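What follows is a single structure, written as structure tokens, with notes after it.
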Number of protein chains: 2
Amino acid sequence: MTIKHALPVTREQDFAAWYQAVIAEADMAEESGVRGCMVIRPWGYGIWERMQRLLDDRIKAAGYDNCYFPLFIPLSYFEKEAEHVEGFAKEMAVVTHHRLKSEGGKLVVDPDAKLEEPLVVRPTSETVIGAAFSRWVQSWRDLPMQINQWANVVRWEMRTRMFLRTSEFLWQEGHAAYADGKQALAETLKALELYRSFAEDCVALPVIAGEKPENERFPGAVATYSIEAMMQDGKALQAGTSHYLGDNFARAQNIRYQNDAGEIEFAHTISWGMSTRMIGGLIMTHGDDDGLRVPPRIAPYQVVIVPMLRDTEEDAAVLDYCRALAADLNAQAALGEPVRALLDARPAKAANKRWAWVKKGAPLIVEVGPRDMAGGNVSVIRRDRLYQESGKLASLVQPRAEFVASVAGLLEEIQAGLFAEAKARTDANIRRDVTDFAELERFFAESVKFPGWVEVEWARPTGAELDAVDQRLKALKLTLRNAPEKAAPATGTCIFTGRPALERVLVGRSY
Amino acid sequence: MTIKHALPVTREQDFAAWYQAVIAEADMAEESGVRGCMVIRPWGYGIWERMQRLLDDRIKAAGYDNCYFPLFIPLSYFEKEAEHVEGFAKEMAVVTHHRLKSEGGKLVVDPDAKLEEPLVVRPTSETVIGAAFSRWVQSWRDLPMQINQWANVVRWEMRTRMFLRTSEFLWQEGHAAYADGKQALAETLKALELYRSFAEDCVALPVIAGEKPENERFPGAVATYSIEAMMQDGKALQAGTSHYLGDNFARAQNIRYQNDAGEIEFAHTISWGMSTRMIGGLIMTHGDDDGLRVPPRIAPYQVVIVPMLRDTEEDAAVLDYCRALAADLNAQAALGEPVRALLDARPAKAANKRWAWVKKGAPLIVEVGPRDMAGGNVSVIRRDRLYQESGKLASLVQPRAEFVASVAGLLEEIQAGLFAEAKARTDANIRRDVTDFAELERFFAESVKFPGWVEVEWARPTGAELDAVDQRLKALKLTLRNAPEKAAPATGTCIFTGRPALERVLVGRSY
């Protein structure tokens, strides 16, 4: 039996179109009419709120305090760190005026209201937070200084794609200053580990943590680390980055402290960020041809109850039965928090509501009709096991009390199952046996639709030599992702230079 | 005995300077170096996070869903509602370019990167959310549509004051569409009531809810309602507003639906907002000459434990004792949530830490020295009763277990006490016996330092007549605040026009 899936296009047919279809059919976001900016709708924003809550708890537990810094950054702030501005200047939205006026019935920018110094809409906040650190850090007692900000940032992108690359996006940026470089580097890696555990434990996104090659560093950084996740089309998504900035920004912005011997030293700073891009990673990792599947930990609602109403007198009793069920579910705990159950009592057909929640990816959908009620039962659909082997929808009729008692276990099982599925797929799609460039070329040139990644040995070239590697890879539409922390040691020769290899590095297509 | 207070200036000496001193000494916020924008530091932002959490819970319970809309709004969106743009055009930050370039070693705006249509940094989001509503609302089944957004907004202010009036501020804006005007108006008032209860129950801010006079309406609104709070200097702070927009915005933006008879009708919309300004209201309501006093419900930490360390062997035991105390406190519940206790183990003198927390306004400060530990005791300072009658600091030594058992009751008492104190002051400073304009003039001309408000009867003039009233009041530095919902009925004559009065209205100085 061929299954008629809920989306108009499958992953196999057209992965990019499928991605857009999930976002549209799950009511997650839409184009706003403002170039490169999207509207994040309740289901998409609800997922972001869950991510925020869980990530924020971890950030606070790591000793960071939340603050808020200005949206606007004067041009002159950027001039202090040449590499940094070089990296962002081409994509900065600039405020030049502070007033409109009416001219012949049309609104125009008032030329008399030109700002003395143009203001950049923050693309990232190292410069303005660094300026604050230079005021706040005076003595070794003020260190470490660890600050986090939840904010919108703007990078003017020419080609945009919802969640993955938008001109405005939402993110969290951690910024910290330490007394010495060794500690700062260790803390950079701690932030990376925080991202890894958040991605894997909360979003069920298996990731590979490692250092980015020199040419992929954050502008102005000494070292950049990332977590990379493999999407279902085999491409890599950089899902979070952590940067060791050395004393580059401290020197540019005069972040200095008196050590306990009374000498003045520069601090060493780090920064790290994760954004709404993570939602794109969630879709491309857990979505299927019926829409999204949201891991229970970050699902705004984990259980959605759909009453089967028939415009009869029985409806009121069915609704009461559903209300009591929702209350009982919300009194349970799963995955360390109270269960989030919703009764969907909107005026729409039950079948339409069922499929709306399938497409949105609610982990459990519970249907209750008069017959279920009469038998003290509920009909349970697991989003992660939607179909029977026959291709029919899998709906399990079971006693209400039995379902309530089992809900915590079910949600934990779904969370773990989604991770295991993605992990197995990622592991199966990393080749580690490619030992020369021609083989790499051949592998990616073959007609495999979703080729995944190749982990190769390399000598970690830098400068012009690295640029040449980059060019050779670009010709194959490939990029260097990161050198995995946990890779096996290198034992052979670099596939790019032929020199003895120093470490292993991931190569793949990317978003 | 004269008390030597912790701030360099008292409320009586210079209220404006005292306000700045509280913000600085409590480390709440500071000037950012970016014109009109502030940096909100951890203690200030922590208070905002508490406000967000408590207000967001109420907004969700009212059936609103959170979304996110673009920061940038094309100029053309504003042209659709003439009154609306008229109200905001003079204070709009406008993005005109999307790239910088280097010119002779200096960064400049790249003239080749001019936007085709300038983008306004949102001063409020009616236009862009209305555009989304016009896509989302098709049938009566889509109504009500209730959306909330937490966001930063920008209004270019010439004179700024931290929290009260800044070019960029953080807020929440609720936007909703209903089938008819009667329901929309009722929902406008529901949002007003939500603000009243949030302000009074959470922030302990007594407020008066009522309708703003015509000249104080939100640009484009049919009616604007506010909650007004009296600051300790007798001035009014508008702490939240709710607007009934009729079908003005629906017509401008084509928000239409098919009713159940199949006819197309315009929806009726409302909007309502509350911002970081509330933190300014908190300071000027609950602050005293020793700094801020934060009501327990919105205090980031409700109990701060300060160990008295002496660089001796005993320190480790004292710290252990404090850690166990913090854990016991965090296991308690107060005001419907787990208690938030912090152990302040930073390397600084205990006395400095004590006074830092007094200035920040932590509700309870618990000091623990070796002697307290030996006796199984704690020394408790209540921020709301800092001094004994003699003028000495009031610190109560009591058994640790007794304190832990009493903490929930103490926090509830402090919350209620701060509200009662502010309520009594507000009530005592509203005169209701002024029956002619000369008397009003005389009252505010008298040398009373903090005169408070006067509630007078009026005929609710409109248009030019209202403008004339406004001018007469402005000459006395007064404004009309609102016509309180719960005022007594009018029985006499309007003090402005001499005509029979229709209702009572509040007059006062304001922020």
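Keep in mind that the numbers below use all heavy atoms, side chains included, and drop hydrogens, waters and symmetry copies. Note that this is a predicted model, so its numbers are computed, not measured. Within every chain, numbering begins at 1; the chains are lettered A, B, ... in the order of the sequence lines, protein sequences first and strands thereafter.
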Exercise. Of all the residues in residues 140-152 of chain B, which have a heavy atom that comes within less than 4.5 Å of a heavy atom in chain A?
Worked result: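 Near chain A, by residue number: Arg141(B), Ile147(B), Asn152(B).
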Exercise. Heavy-atom distance under 4.5 Å to chain B: side chain of Glu86(A), backbone, both or neither?
Worked result: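 Neither part; nothing is under 4.5 Å.
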Exercise. Tell me, side chain or backbone of Arg155(A) under 4.5 Å from chain B's heavy atoms, or both, or neither?
Worked result: neither
Exercise. Relative to chain A, which of Val94(B), Val34(B), Asp65(B) shows the most heavy atom pairs under 4.5 Å?
Worked result: Val94(B)
Exercise. Looking at Gly44(B), Gly33(B), Cys67(B), which one has more heavy-atom pairs under 4.5 Å with chain A than the rest?
Worked result: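 Top count of heavy-atom pairs under 4.5 Å with chain A: Cys67(B).
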Exercise. Would you call Glu31(B)-Arg135(A) a salt bridge at under 4.0 Å N-O?
Worked result: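 Salt bridge absent between Glu31(B) and Arg135(A).
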Exercise. Would Glu117(B) and Arg35(A) pass as an ion pair if we require N to O under 4.0 Å?
Worked result: no
For this session: Using modelled atom types only, decide if a donor and an acceptor are shared between the side chain of Glu79(B) and the backbone of Leu107(A) within a distance under 3.5 Å.
Result: yes
For this session: Taking atom NZ of Lys60(A) as the centre, report whether more than 12 heavy atoms of other residues, nucleotides or ligands fall under 6.0 Å from it.
Result: yes
Are side-chain heavy atoms of [X] and [Y] found at a separation under 4.5 Å?
| X | Y | result |
| --- | --- | --- |
| Met38(B) | Phe69(A) | no |
| Val121(A) | Leu71(B) | yes |
| Tyr68(A) | Glu168(B) | yes |

For this session: Determine the option with the most heavy-atom pairs under 4.5 angstrom with chain B, choosing from Arg346(A), Glu91(A), Lys90(A).
Result: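 Of Arg346(A), Glu91(A), Lys90(A), Lys90(A) has the most heavy-atom pairs under 4.5 Å with chain B.
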Of the backbone (N, CA, C, O) and the side chain (C-beta and beyond), which part of [X] lies under 4.5 Å from a heavy atom of chain A, both, or neither?
| X | value |
| --- | --- |
| Ala93(B) | both |
| Trp43(B) | neither |
| Pro70(B) | both |
| Lys106(B) | both |
| Glu116(B) | neither |

Exercise. Got a second to check how far Leu100(B)'s CG is from Phe88(A)'s CZ, nearest 0.5 Å?
Worked result: 12.5 Å
Exercise. If you look at every heavy atom in Phe72(B) and Cys37(A), which pair is closest and at what distance?
Worked result: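 Where Phe72(B) meets Cys37(A) most closely, the heavy atoms are CD1-SG, 4.4 Å.
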